[in-house]
Every structure is written in C-alpha cells, then in structure tokens.
Amino acid sequence: MALVFHSFLLVLVFQDKHVAQPFCLQGCSCSDENFGRTLQCMSFSLGKIPGNLPEELKQIRIENSPMFELPQGLFANMSTLEYLWLNFNNITVIHSGALEHLPELRELRLQGNKLRSVPWTAFHATPFLRVLDLKHNRIDILPELALQFLANLTYLDLSSNRLTVVSKSVFLNWPAYQSRQLPGCGAKILSSMVLALDNNPWVCDCRLRGLVQFVKSVSLPFILVNSYLICQGPLYKAGQLFHEIKLSVCMKPQVSTPSANVTIQVGQNVTLRCLAKASPSPTISWNYPLSIWREFDVLTSSTAEDAVLSQLIIPAAHLVDSGNYTCVASNFIGRSTLVISLYVQPAQVLPASQSFSISWEGNSYIDLRVVKQTVRGILLEWFAVGKVPEEWFTLYIASDEALRKEVVHIGPGINTYAVDDLLPGTKYEACLSLGSRPPHQGQCVVFMTGRDGGRLEDRERLLHISVVLCVLLLAVPVGAYVWTAQGPCSCRKWGLHCCPHRRHALRCPPAVPQSKDRSFRDHLTVCEDGEGHRHMKGNEEKEEDSD
C-alpha cells in the first residue's frame with residue numbers, strides 16, 4: 001500500500017513539473033527577468049507574431065525578422081505586456097487597432113523599420129506608454145495632434161527619418177509638454193522629457209520658423225538629444241545650424257515686371273520678364289494663347305533669398321504672337337498672376353520669299369497644315385487666331401482627276417478634317433477659308449499621292465531617307481508627297497518651274513529663306529516623281545539612268 005501511495009505522489013510531482021514548464025515559441029528563447037517572463041526571437045524567420053502566445057509575457061523582443069506589418073487585434077490575449085521591442089524588422093504598416101488590448105504597455109521600440117507613417121490615434125489604447133522609439137524609419141509627416149494621446153511619454157526618438165517641415169504646434173499640443181508649463185510645476189520634481197530630432201533633411205524656409213523658435217527656447221525639464229539641428233535645404237541655407245538662422249514669415253507671391261506692354265516688329269526677338277517675391281520661394285509658369293503651337297524657352301533664376309526671376313524668350317516673333325502672356329507665381333500660401341501684353345507690328349515691306357504659311361483675312365490668321373498620315377489618306381489641321389468670328393469654315397478639295405472641287409462646310413470649334421480614299425498617283429489641293437469667302441494665297445496645301453505598288457515598309461524607308469536628305473520642304477504620309485503653296489506663284493507654276501524638262505518628275509525647289517524660329521512644328525516635304533524616285537541635287541545623272 002505504501003509503495004502504491006509513493007508511486008502516486010511521483011506521478012503528481014511529474015505532472016505538476018510538466019505543467020509548470022511555460023510555453024515558448026520554437027526557435028526563440030524564453031527567460032524569467034525581474035519584471036516578468038520574456039520572449040526573444042533574434043534573427044529568426046518569423047513572418048508574424050503568433051496569436052497563441054501565453055498571457056503572462058511581460059516583454060516581447062523580435063529583431064531581424066521579415067515581419068512587415070502589425071495587424072489589428074494582434075495582442076488580444078496579452079493584456080499584461082509592458083515591453084514590445086520590434087527593432088530592425090521590415091515593418092511597413094501598423095494598423096490603427098494593432099495596439100488594442102495593451103493597456104499596460106510602457107515601451108514600444110520600432111527602430112530600423114520601414115515605416116512611412118504611424119497611426120497616432122492608436123496610442124489612445126496605451127495611456128501609460130513612456131518610451132516611443134521610431135528612429136531610422138521613413139516618416140516624413142507629423143500631424144499637429146500626433147502626440148495628443150501620449151500624455152505620459154518621457155522619451156520620443158524621431159531621429160534619422162525623412163522629416164523636412166514640422167510645425168511647433170506638434171509639441172505645443174503635446175499634453176506632456178503642456179503639463180510642465182503650468183504655473184507651480186517648477187517646484188515639483190518632474191522627470192525629464194527627452195526628444196530626438198537630429199539627422200532629418202530639414203528644409204529651413206518660413207514653414208520651419210516655428211520649430212526653429214521652439215528649439216531655441218527649449219529648457220529643462222525638456223531635453224534635446226542633439227540640439228545642433230542642421231538645415232539641408234534650401235541650397236543657400238544647407239549646412240547652417242538652427243541656432244544660426246533667421247527665417248521670415250510666410251507670404252503669398254508678389255509679382256512685378258519692368259514693362260507690362262511690349263511692342264516690337266515682326267521678326268524681332270523679345271524677352272518677357274516676371275519677378276516674383278514670396279516665402280517660401282515660388283514656382284513660376286507662363287500661359288499664353290498659342291502655348292500648344294509655340295513653345296518658348298523659359299529661364300528661371302534666384303535674384304535673392306525669396307525672389308525668383310523668370311524670363312520667357314520669344315525668338316523671331318510672328319504676327320500671331322501678339323496677345324496677353326500671363327505669369328503665374330505660386331507657393332503653398334497662394335498664387336498671383338501678372339499679364340504682359342505683347343504687340344507684334346507687321347513690317348512695312350515684307351519680301352515674298354519670307355512670307356509665312358499663315359494667311360491674313362482682315363484681323364484673323366489661319367494656318368492649314370498636314371499633321372497625320374494614313375495609308376490612303378491624310379489628316380488636315382488648322383488654327384485661327386485674332387478676331388475670328390463665330391462662323392463656319394469652308395474646305396475646298398480638288399484633284400487633277402476630279403471634274404469639280406469637293407466643298408466641305410465645317411462648323412466653328414472644329415479644327416481637323418480627315419481626307420480619305422485618295423487615288424494613287426494623283427495630285428490634290430486642299431484650301432481653307434472663313435465662311436464663304438474664296439481662299440487666299442497661302443491657305444492651300446498641295447499634295448501628291450504615291451503609286452499603289454510597293455510594300456509599305458519600303459515606302460516608309462524611302463520616305464524617311466527623303467526627309468533626311470530634303471529637309472527644306474514639307475513631309476507627309478506613306479504614299480503621299482506634299483508641299484505647301486506659300487510662294488508668290490501658284491502650286492502649278494511652281495511644279496513647272498521646278499521641273500521644266502519633265503512633266504511628271506517633281507524636283508526639290510530652291511531653298512526658301514525661313515524664319516530662324518523653329519518653335520512652329522514645321523513639316524518637311526518629300527519630293528519624288530510618280531514612280532517613287534527621289535531627285536536631289538548632285539544625283540541627277542544617277543536618277544536619269546534609273547529612269
């Protein structure tokens with residue numbers, strides 16, 4: 001009987017000893033410290049924190065793991081946890097409910113992760129949090145009420161992040177800071193409040209003025225880990241210490257110009273200037289009626305700490321460049337505009353060889369051009385500027401084969417027309433006019449389609465080579481060879497002049513002087529005969545033989 005009782009006692013002791021062995025995650029180590037039981041997982045491929053950890057844990061330390069998020073309800077059964085160290089992992093996201101059920105949490109260390117932001121309202125569930133370590137992350141914004149639920153925080157480390165601008169209100173609204181500014185608090189024994197803000201890319205303009213003043217005024221019991229904060233921008237303040245700089249108050253841009261009314265002659269160069277003063281420095285852009293057709297160079301330079309000069313350079317001005325040019329200066333405070341009126345006067349005598357492809361009907365200008373090609377058609381595009389009435393356009397399309405012209409009436413607001421089903425080896429002429437008026441010289445585009453034979457790839461290759469070698473003329477689609485009627489003679493006369501010995505072979509005409517301004521998107525012409533042969537100066541004999 002005694003032997004049986006002794007055996008029963010041994011079984012009870014063994015079972016009690018087995019039950020007393022607490023659970024520990026495989027691959028990790030568990031130990032009993034002064035403050036309680038600790039779980040440590042170092043350099044362990046732990047993708048997430050398991051949900052079956054024992055409730056009695058006081059500290060969890062997981063480092064160098066591939067863990068990338070803290071999901072909601074993660075610590076549902078760990079209400080006694082006081083220390084959570086998750087340094088040097090890959091944590092990118094913290095869900096707003098991740099810290100629920102941690103009312104006793106005292107320290108949260110997240111050094112060396114990949115956090116871009118923190119759900120600051122999540123700290124409402126951790127009222128006793130005293131240490132928050134967020135250094136070596138990618139945080140770039142601190143909301144003004146970020147610290148409102150951290151009333152008992154005594155250590156905040158935001159060093160080595162990506163903070164550029166932070167309002168001083170972030171710290172003035174911090175309950176822990178406010179409690180130490182109350183009257184009579186100086187007589188009490190209060191713990192120091194430690195703040196680390198160093199090694200951030202601070203942009204020292206007017207937006208940082210409040211924080212700079214705050215840093216300069218910090219005194220006990222408030223302590224900066226490193227009070228020598230350094231500016232990284234803008235360029236003229238890079239490397240300066242917060243204690244050395246003086247920042248101005250932010251202000252909306254103020255713009256000015258030497259002359260708001262500019263008058264020039266056709267073909268002259270002109271530079272429009274816009275000076276903007278603002279804090280922080282503004283960005284400047286230009287708006288003008290022909291911005292989609294004419295692209296001008298813009299030079300921007302800083303003339304002072306808070307002043308920017310923008311220059312719009314217009315080379316060889318055309319008549320259509322007349323109009324209002326708006327300079328727009330803006331920063332985060334607001335925007336301001338300035339209008340500069342440009343008047344381009346026509347020259348008294350303008351040689352015909354230098355006439356533009358834009359025609360003049362009273363006070364309006366019309367430019368017709370070929371902008372796109374298809375295998376059996378082209379796309380015509382035009383624009384009209386000046387005092388153009390709200391009336392219809394009339395497009396005339398004629399060819400050598402057709403007995404009469406095709407007339408197309410196009411309503412106002414439309415500026416494109418597709419010409420399809422073109423016959424091969426045929427010369428066409430397209431003219432545009434306002435209303436029912438007859439077209440004037442310079443309002444026509446003449447083009448000739450290629451032969452139907454030949455592979456498409458060969459035509460594209462031939463066309464490309466012709467464009468490179470015959471760069472003074474207008475180039476068009478596969479199978480279509482085009483020139484513009486903008487000289488003193490008609491297109492028919494031009495063709496006879498270019499090719500006096502051949503009825504069907506079109507040669508490249510002599511180079512016509514062009515304006516040096518290439519901001520118009522000029523087309524080039526391919527000069528080929530009806531058989532697809534190219535004719536260029538210096539190669540006449542070779543082309544004759546090939547015929």
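With values rounded to the nearest 0.5 angstrom, Ser29 atom OG is found 7.0 Å from Leu39 atom CG. Annotation: the span from Phe214 atom CZ to Leu197 atom CG amounts to 8.0 Å, rounded to 0.5 Å. Taken from SG in Cys204 to CZ in Arg209, the straight-line distance is 13.5 Å, to the nearest 0.5 Å. Between the CZ atom of Phe75 and the CG atom of Leu99 there is a distance of 7.0 Å, given to the nearest 0.5 Å. Atoms CG and CG, from Leu309 and Leu299 in turn, are 9.0 Å apart once rounded to the nearest 0.5 Å. Distance check: Ser160 OG to Lys135 NZ gives 8.5 Å after rounding to the nearest 0.5 Å.
Inter-residue side-chain proximity for Trp202 and Val212 is flagged as unmet; no heavy-atom pair is nearer than 4.5 Å. With contacts defined as side-chain heavy-atom distances shorter than 4.5 Å, the pair Ser310/Val298 qualifies. Contact check for Lys48 versus Glu69: no side-chain heavy atoms found under the 4.5 Å cut-off. The side-chain heavy atoms of Val215 and His243, taken from C-beta on, include a pair separated by under 4.5 Å. You'll find the side chain of Leu275 stays beyond 4.5 Å of the side chain of Val255, heavy atoms only. Proximity of Val218 to Tyr177: side-chain heavy atoms (C-beta onward) are nowhere separated by under 4.5 Å. Two residues are said to be in side-chain contact when any heavy atoms from C-beta on lie closer than 4.5 Å; Val203 and Pro234 meet this criterion. At least one side-chain heavy atom of Leu142 sits less than 4.5 Å from a side-chain heavy atom of Trp120.
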| For Phe222 and Leu195, what are the C-alpha separation, side-chain angles and deciding distance, and is it a side-chain contact (heavy atoms from CB on, under 4.5 Å)? | CA-CA 8 Å; Phe222 208 93; Leu195 176 64; 3.7 Å; yes
| task | Output, in order, the C-alpha distance, side-chain angles, deciding distance and verdict of side-chain contact (heavy atoms from CB on, under 4.5 Å) for Cys206 and Leu247. | result | CA-CA 6 Å; Cys206 67; Leu247 300 177; 5.6 Å; no
| query | Please walk me through it: do Leu208 and Phe242 pass side-chain contact (heavy atoms from CB on, under 4.5 Å)? | reply | CA-CA 10 Å; Leu208 206 64; Phe242 277 25; 3.6 Å; yes
| request: Apply side-chain contact (heavy atoms from CB on, under 4.5 Å) to Asn173 and Leu147, showing your working. | output: CA-CA 7 Å; Asn173 293 329; Leu147 310 180; over 6 Å; no
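Scanning both residues, Pro50 and Met78, for their nearest heavy atoms gives O-CE, 4.2 Å. The minimum heavy-atom distance linking Ser341 with Asn324 is given by the pair OG-OD1, 2.8 Å. Contact detail for Ala76 and His101: the closest heavy-atom pair is CA-CD2, 3.5 Å. In this structure, Ser281 and Asp306 approach most closely via the heavy-atom pair OG-CA, 4.4 Å. Shown here for Pro253 and Ala278, the closest heavy-atom pair between the two residues is CA-CB, 3.5 Å. Counting all heavy atoms, side chain and backbone alike, Gln59 lies closest to Thr38 at OE1-CG2, 3.1 Å.
Not a single ring pair (Phe, Tyr, Trp, His ring centres under 6.0 Å) links Tyr236 to another residue, sequence neighbours left out. Shown here are the ring pair (Phe, Tyr, Trp, His ring centres under 6.0 Å) partners of His124, two or more places apart in sequence or in another chain: Phe149.
At most 12 non-hydrogen atoms from other residues, nucleotides or ligands lie less than 6.0 angstrom from CD1 of Ile141. Surrounding NZ of Lys246 are at most 12 heavy atoms belonging to other residues, nucleotides or ligands under 6.0 Å away. With a 6.0 Å radius and a threshold of 12 heavy atoms from other residues, nucleotides or ligands, Phe35 has its CZ atom above the threshold. The number of heavy-atom neighbours closer than 6.0 Å to NZ of Lys237, taken from other residues, nucleotides and ligands shown, is above 12.
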Side chains of residues 161-168: which donor-acceptor pairs under 3.5 Å do they make with residues two or more places apart or in other chains?
residue	atom	partner	partner atom	Å
Asn161	OD1	Asn137	N	3.4
Asn161	OD1	Arg138	N	3.3
Asn161	OD1	Ile139	N	3.0
Asn161	ND2	Leu134	O	3.1
Asn161	ND2	Leu158	O	3.2
Asn161	ND2	Ser159	O	3.1
Ser167	OG	Ser169	N	3.1
Ser167	OG	Ser169	OG	3.3

Table please: side-chain donor-acceptor pairs of residues 105-116 below 3.5 Å, with sequence neighbours left out.
residue	atom	partner	partner atom	Å
Arg106	NH1	Glu104	O	2.7
Arg106	NH1	Glu104	OE1	3.4
Glu107	OE1	Trp85	NE1	3.1
Glu107	OE1	Arg109	NE	3.1
Glu107	OE1	Arg109	NH2	3.4
Asn113	OD1	Asn89	N	3.2
Asn113	OD1	Ile91	N	3.0
Asn113	ND2	Leu86	O	2.9
Asn113	ND2	Leu110	O	3.1
Asn113	ND2	Gln111	O	3.4
Lys114	NZ	Asn90	OD1	3.4

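Aromatic rings from Tyr288 and Phe296 are positioned such that their centres are separated by under 6.0 Å.
The closest donor-acceptor contact from the side chain of Thr154 to the backbone of Arg130 lies under 3.5 Å. The main-chain N or O of Ile313 is never found under 3.5 Å from a side-chain atom of Thr271 such that the two would form a donor-acceptor pair. Checking side-chain atoms of Asn331 against main-chain N and O of Met251 turns up a donor-acceptor pair under 3.5 Å.
For residues 75-84, no pair satisfies side-chain hydrogen bond (donor to acceptor under 3.5 Å, both in side chains), with sequence neighbours left out. For residues 265-322, the pairs satisfying disulfide (SG to SG under 2.5 Å) are Cys274-Cys327, with sequence neighbours left out.
Screening Val262, Leu312, Thr263, Asn261 for a side-chain contact (heavy atoms from CB on, under 4.5 Å) with Leu342, the sole residue that qualifies is Val262.
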